[in-house]
Amino acid sequence: MTIQSARITYINDRPEIDGDYILYWMQQSQRAQWNHALEFAVRKGNEKGQPVVVGFGLTDRYPEANSRHFRFMLEGLRETQKALGRRGILMILRFGAPDRVALDLSRRASLVVCDRGYLRHQHQWRETVALNAPCAAVRVESDVVVPVEMVSNKAEYAARTIRPRIKRLLDTFRVPLIHVRPHHSSMGLQLPGEDLSDLEDLMGRLQMDRSVPPVSRLFPGGTRAAMKRFRSFLATGLGQYDAHSNQPQTDHISGMSPYLHFGQVSALRLSLLTDEAHHAGPENRAAFQEQLIVRRELAFNHVRFRKDYDTYETLPDWAKNTLHAHRDDFREYIYTPEQMEAGETHDLYWNAAMAEMRHTGFMHNHMRMYWAKKILEWRKTPEAAFKTALWLNNRYFLDGRDPNSYAGVAWTFGLHDRAWKERPVFGKVRYMNAAGLERKCDIRGYVRKVERQVEKTAGIRAS
DNA sequence: ATCGGCTCGCGCAA
DNA sequence: TGCGCGAAGCCGAT
């Protein structure tokens with residue numbers, strides 16, 4: 001059994017009943033492979049002699065979702081539906097709140113299996129389904145390598161406190177998932193659902209914010225595109241990963257965060273594939289695993305154990321105190337959120353970062369830090385800065401609204417970090433400046449790289 | 001080019 | 001209770 005019992009939680013105490021199928025209500029883990037929740041459902045189906053139906057509720061009320069996010073997600077879901085079909089598993093997509101759609105499909109189910117999501121609304125949806133499903137409901141964790149509650153039962157203070165806790169559990173949880181063939185096909189079941197072949201039509205029927213355009217050319221959604229990008233990263237990027245983590249002019253980064261955010265690819269699978277890339281050298285492999293597992297799962301720990309994970313209040317006391325002590329400090333530049341969004345500041349490096357974000361839905365991680373640090377510096381108050389950074393982050397990044405978004409923005413303001421030399425505005429919170437970029441990387445090369453990307457995307461839109 | 005200091009609080013050893 | 005140490009920092013001294 002490669003689905004460890006710590007991944008499996010029964011979330012109500014109803015029995016399995018004699019329905020027509022096992023329902024896997026897909027929400028976070030939007031993939032047909034390397035999905036523990038799906039594989040659990042398949043095994044249950046085989047035990048009970050029943051087929052598996054996958055249900056997905058598509059809602060245009062998803063917090064902060066816009067056409068950039070929807071397009072990417074739907075491209076992935078279209079591929080996932082086809083891939084499931086090849087395994088004889090019917091996937092039904094319906095408009096509606098995810099919990100509502102899951103409950104509708106649960107009426108004929110013997111058992112409801114769901115995946116795990118850690119954000120507030122994701123948790124609430126699962127509570128509603130657990131409470132109202134007519135049968136047993138079981139939640140299977142397939143988003144992180146090591147289940148969050150196995151690592152710790154509290155909000156961890158920093159990477160150094162969570163790292164040893166994760167590492168000692170890797171041998172248990174970082175193991176391949178065995179995929180089992182479903183004995184019974186569900187493809188013949190008559191269940192109404194939306195047609196995913198015409199995405200334009202589907203997009204048109206959703207009421208959404210359309211002010212942020214999709215970025216399908218640069219980041220096509222779906223598992224196939226993710227794996228193509230990842231294999232290219234293993235071949236040409238991983239070998240430079242450690243040395244180039246602060247070199248935004250290069251592209252020696254995996255670009256997996258959008259795919260991980262929508263569950264189109266499994267962190268476990270990426271981690272195991274990284275092990276096999278011997279040519280890249282142990283220090284590069286370790287540096288990537290640190291990002292993929294330790295830093296990412298620290299973010300999951302944050303949203304799991306801090307109810308206020310998306311607010312200024314979530315910061316540690318030392319950070320709030322020092323930022324408060326400096327709230328009335330003189331600020332040389334103050335910009336409105338709109339000026340920032342338009343990339344209209346005095347700082348060409350920052351404007352380039354903002355352009356990368358707007359036009360590609362992505363940003364090199366080193367620039368993500370610089371970008372957010374300057375928002376802290378250039379808004380009137382630290383609270384306003386926190387809001388602006390998170391707003392822009394979630395609006396433009398394909399991987400916005402992820403646990404990593406909340407932990408990443410809060411890190412800028414001191415979360416999971418330590419105090420440093422006191423200075424204006426920042427207080428003891430770690431400072432970054434343009435001189436550092438000039439000193440340590442080819443920042444002009446980065447600006448040129450973004451200019452090229454913007455030209456390319458503008459050309460695509462014009463044609 | 002390289003190094004120490006800055007500053008906080010956790011986790012562990014004692 | 002003391003001590004070591006940390007996601008990427010900066011800055012001034014050598």
Side-chain angles (χ1 to χ4, degrees), chain A residues 151-168 237 240-250 252-254 256-257 283-302 305-306 314-326 329 332 347 349-350 353 363-378 382 385 389 393 399 402-443 446:
Chain A
V151 172
S152 173
N153 53 17
K154 65 179 175 71
E156 288 293 324
Y157 185 75
R160 75 186 151 82
T161 65
I162 204 172
R163 189 176 295 112
R165 293 171 160 276
I166 290 175
K167 294 224 159 149
R168 62 175 165 252
Q240 312 279 337
Y241 190 79
D242 198 20
H244 286 184
S245 67
N246 63 351
Q247 300 294 308
Q249 75 279 10
T250 70
H252 298 134
I253 46 178
S254 75
M256 284 299 104
S257 57
E283 66 300 329
N284 288 313
R285 294 202 306 274
F288 183 67
Q289 304 273 17
E290 168 79 9
Q291 300 300 315
L292 179 68
I293 303 177
V294 175
R295 301 303 311 193
R296 179 165 182 266
E297 297 186 11
L298 177 59
F300 280 75
N301 170 274
H302 174 65
F305 291 108
R306 292 296 306 239
T314 207
L315 300 179
D317 286 339
W318 72 264
K320 276 185 285 196
N321 290 342
T322 192
L323 289 170
H324 181 70
H326 288 270
D329 288 0
E332 197 174 351
D347 179 341
Y349 311 148
W350 194 92
M363 197 193 292
H364 191 287
N365 199 42
H366 194 69
M367 293 310 289
R368 291 192 189 213
M369 294 189 285
Y370 178 77
W371 171 85
K373 288 285 183 189
K374 293 292 128 178
I375 296 177
L376 170 56
E377 188 175 340
W378 299 336
N393 182 95
D399 55 77
D402 192 81
N404 273 317
S405 301
Y406 300 107
V409 167
W411 175 83
T412 307
F413 295 71
L415 177 73
H416 300 152
D417 204 6
R418 50 177 280 208
W420 298 88
K421 186 181 170 61
E422 197 162 5
R423 59 163 52 244
V425 183
F426 286 78
K428 293 166 185 170
V429 170
R430 184 194 301 260
Y431 176 66
M432 288 176 84
N433 65 7
L437 295 176
E438 287 162 355
R439 190 170 59 247
K440 288 190 295 200
C441 68
D442 176 14
I443 190 63
Y446 170 73

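FYI, side chains are in, hydrogens and waters are out, and symmetry mates aren't considered; it's all heavy atoms of this structure. Letters A, B, ... are given to chains in the order of the sequence lines, protein chains preceding strands, and every chain is numbered from 1.
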Starting at [atom1] of [X] and ending at [atom2] of [N], how long is that distance when rounded to a whole Å?
X	N	atom1	atom2	result
Y431(A)	dA7(C)	OH	C1'	19 Å
E156(A)	dA7(C)	CD	P	13 Å
L292(A)	dA7(C)	CG	P	17 Å
R296(A)	dA7(C)	CZ	C1'	18 Å
D417(A)	dG6(C)	CG	P	13 Å
M432(A)	dA7(C)	CE	P	15 Å
Y157(A)	dA7(C)	OH	P	11 Å
R160(A)	dA7(C)	CZ	C1'	13 Å

Starting from Watson-Crick (N1-N3 plus N6-O4 or O6-N4) and G-U wobble pairs under 3.5 Å, report the runs of at least three that DNA chain C belongs to. B:1-6 with C:9-14, B:8-13 with C:1-6

Answer with base, sugar-phosphate or nothing: what part of the nucleic acid does [X] contact at a heavy-atom distance below 4.0 Å?
X	value
W318(A)	sugar-phosphate
Q291(A)	base
A159(A)	sugar-phosphate
R165(A)	nothing
R368(A)	nothing
N365(A)	base

Distance check, rounded to the nearest 0.5 Å: [X] atom [atom1] versus [Y] atom [atom2]?
X	Y	atom1	atom2	value
I293(A)	F288(A)	CD1	CZ	9.0 Å
L298(A)	L415(A)	CG	CG	7.0 Å
I162(A)	E156(A)	CD1	CD	5.0 Å

Using atom [atom1] of each nucleotide, how far apart are [N] and [M] to the nearest Å?
N	M	atom1	result
dG9(B)	dC10(C)	P	23 Å
dC5(C)	dG4(B)	C1'	15 Å
dG4(C)	dG5(B)	P	13 Å

Candidate pair T314(A) and H302(A), rule side-chain contact (heavy atoms from CB on, under 4.5 Å), full reasoning: CA-CA 9 Å; T314(A) 207; H302(A) 174 65; 3.1 Å; yes

Testing H364(A), Q247(A), M367(A) for side chain to side chain contact (heavy atoms under 4.5 Å, CB included) with C441(A), which one passes? Q247(A)

Hey, can you tell me if Y431(A) and F426(A) have their rings parallel, tilted or perpendicular (30° and 60° cut-offs)? perpendicular

Steps toward side-chain contact (heavy atoms from CB on, under 4.5 Å) verdict (Q291(A), Y241(A)): CA-CA 11 Å; Q291(A) 300 300 315; Y241(A) 190 79; 3.1 Å; yes

Any donor-acceptor pair under 3.5 Å from [X] side chain to [Y] backbone:
X	Y	value
K428(A)	A319(A)	no
R295(A)	A159(A)	no
D417(A)	T412(A)	no
N321(A)	D317(A)	yes

What range of DNA chain B does chain A touch, first nucleotide to last, counting atoms under 4.0 Å from its heavy atoms? dC6(B) to dG11(B)

V151(A) versus N301(A): any side-chain heavy-atom pair under 4.5 Å? no

Any residue of residues 405-416 of chain A with a heavy atom less than 4.0 Å from an atom of DNA chain B: none

May I ask you to evaluate whether R423(A) reaches the phosphate of dC11(C), defined as a side-chain N or O under 4.0 Å from OP1 or OP2? yes

Identify the residue among D402(A), N365(A), D399(A) that makes a side-chain hydrogen bond (donor to acceptor under 3.5 Å, both in side chains) with S257(A). D399(A)

